[in-house]
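Inspection log for the structure reproduced underneath, given as structure tokens.
In what follows, chains carry the letters A, B, and so on, assigned in the order in which the sequence lines appear, proteins first and then strands, with residues in each chain numbered from 1. Computation of the quantities below employed the complete heavy-atom set of this structure, encompassing side-chain atoms and omitting hydrogens, waters and symmetry-equivalent molecules.
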Number of protein chains: 2
Amino acid sequence: MATAMRLFHQRGYDAVGVAELCAALGIKPPSFYAAFGSKLGLFEQALRHYAAGPANIFARALEGGGGVDAVIGRTFREAARLYPACDGVAGCLVIDGARNSADAEARALGALWKADSRRAIRDCIAAEYPAKADRLADLVTTALAGMSAVARDGADADMLGDFAGVMERAFRAEAGRADD
Amino acid sequence: MATAMRLFHQRGYDAVGVAELCAALGIKPPSFYAAFGSKLGLFEQALRHYAAGPANIFARALEGGGGVDAVIGRTFREAARLYPACDGVAGCLVIDGARNSADAEARALGALWKADSRRAIRDCIAAEYPAKADRLADLVTTALAGMSAVARDGADADMLGDFAGVMERAFRAEAGRADD
DNA sequence: CATTATATATAGCGATCACTATATATTCTC
DNA sequence: GAGAATATATAGTGATCGCTATATATAATG
């Protein structure tokens, strides 16, 4: 399972074939389909596994407690620590795993988890900044999408750490800003 | 040409087949290969055409003149105007056109243009902020990557406009910040 | 041990991939 | 108008895609 998740994470949904997944799992196609139903079924499990584990940076940042500013700051810093390439895996599986996939269902699955993640971020922010929860949530998710993208393009931990610092300051500035 | 570029832009390099490109161009495979050499050859032309046109938001922002802060601010705002979906096309072809492609050469081509674009941004910033040109350039490219990604995921002009405003303020703040 | 049920492997399904060999039509030169 | 050169279309190359029908091995039950 973790092996298959790794492959999807490394190269994206389309670029990983069922044959390769079978080889990685040490099984043959019929067993693959008996176990997961379809390639999409395995991808769904991979996303679930990913979101339930330590890669769910916002969930981890939440556990640290503190106010919204602190949680969001930790979220950015966790992303900067987790996203850079490690054993060929970079960025976020949820954000980029189904990107540019030719399979509409795979894209929809990615969108579903992205929406879920955004909702969690938004709800957290709303506790302190109800009026601007949506805009601040968009700020966070867009920044994370950028971090995942450049990480997949080769950005290292230093660069992402700098960006995380910038975004943490930007978040505090925007949260405290008077509305237009 | 513009038709093929549109297809790559819409769905990414891998998700567009040669057969579909031929149909869109109104030619048959042999003529396709006589004209472009390969699918990759057409993609290269598409990237060149894209970077030479109005989609090169930084080039457009530069033409407006003014200081670095103004140019970068316009860059973000132009991205917010250009990236939202229009006729099924969203985000940036250079940033996301080859993302998750199984073809290493296509990915390399995308990386090449991304590096070129980053260099232009860096050089512009260096004129006023030589000591922190690299860090500020990373700030801009990462933000643009995030904007392209969320635009491809459905973000609208309002959302991206807000983010552009945030990033413009963040850029000015970071540019004026004392070094750590 | 015989029989039934379960799970595995072999092999191959049709479809699509990027790409091309061959043949036909067209255009240019003389 | 005849012949040579160019460009087009038809058709199909092997490879790979996700997926499965059939057959064989294993395990559970009587």
Salt-bridge present (B:Arg60, B:Glu63; N to O < 4.0 Å):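 Judged by the 4.0 Å cut-off on N to carboxylate O distance, B:Arg60 and B:Glu63 do not form a salt bridge.
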To the nearest Å, give me how far apart [atom1] ([X]) and [atom2] ([N]) are.
X: B:Arg11; N: C:dT16; atom1: CZ; atom2: C1'; value: 14 Å
X: B:Leu25; N: D:dT8; atom1: CG; atom2: P; value: 13 Å
X: A:Phe36; N: D:dG18; atom1: CZ; atom2: P; value: 15 Å
X: B:Leu7; N: C:dA18; atom1: CG; atom2: P; value: 12 Å
X: A:Phe43; N: D:dG18; atom1: CZ; atom2: C1'; value: 16 Å
X: A:Leu40; N: D:dC17; atom1: CG; atom2: C1'; value: 15 Å
X: B:Lys39; N: C:dC17; atom1: NZ; atom2: P; value: 8 Å
X: B:Phe32; N: C:dA18; atom1: CZ; atom2: P; value: 9 Å

N/O (side chain, [X]) to phosphate O (OP1/OP2, [N]) under 4.0 Å:
X: B:Tyr33; N: C:dC19; result: yes
X: A:Lys28; N: C:dT8; result: no
X: A:Ser31; N: C:dT8; result: yes

Partner residues of B:Phe36 under the ring-ring contact (aromatic ring centres under 6.0 Å, His included) criterion, sequence neighbours left out: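 Listed in chain order: B:Phe32.
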First of A:Gly37 and B:Gly26 reached from the 5' end of DNA chain D, by closest nucleotide: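 Here B:Gly26 is the residue nearer the 5' end.
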Starting the side chain at C-beta, find the nucleotide from [options] nearest to [X].
X: B:Pro30; options: D:dG18, D:dT10, D:dA21; result: D:dT10
X: B:Pro29; options: C:dT10, C:dA18, C:dT20; result: C:dT20
X: A:Ser38; options: D:dA9, D:dA21, D:dC19; result: D:dC19

Parallel, tilted or perpendicular, as decided by the 30° and 60° cut-offs, for the rings of A:Tyr129 and A:Phe171: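 A:Phe171 vs A:Tyr129 ring planes: perpendicular.
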Parallel, tilted or perpendicular, as decided by the 30° and 60° cut-offs, for the rings of B:Phe8 and B:Tyr13: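 Because their plane-to-plane angle is under 30°, the rings of B:Tyr13 and B:Phe8 count as parallel.
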Residue pair B:Ile57 / B:Ala79: nearest heavy atoms and the distance that separates them: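 It is CD1-CB, 3.5 Å.
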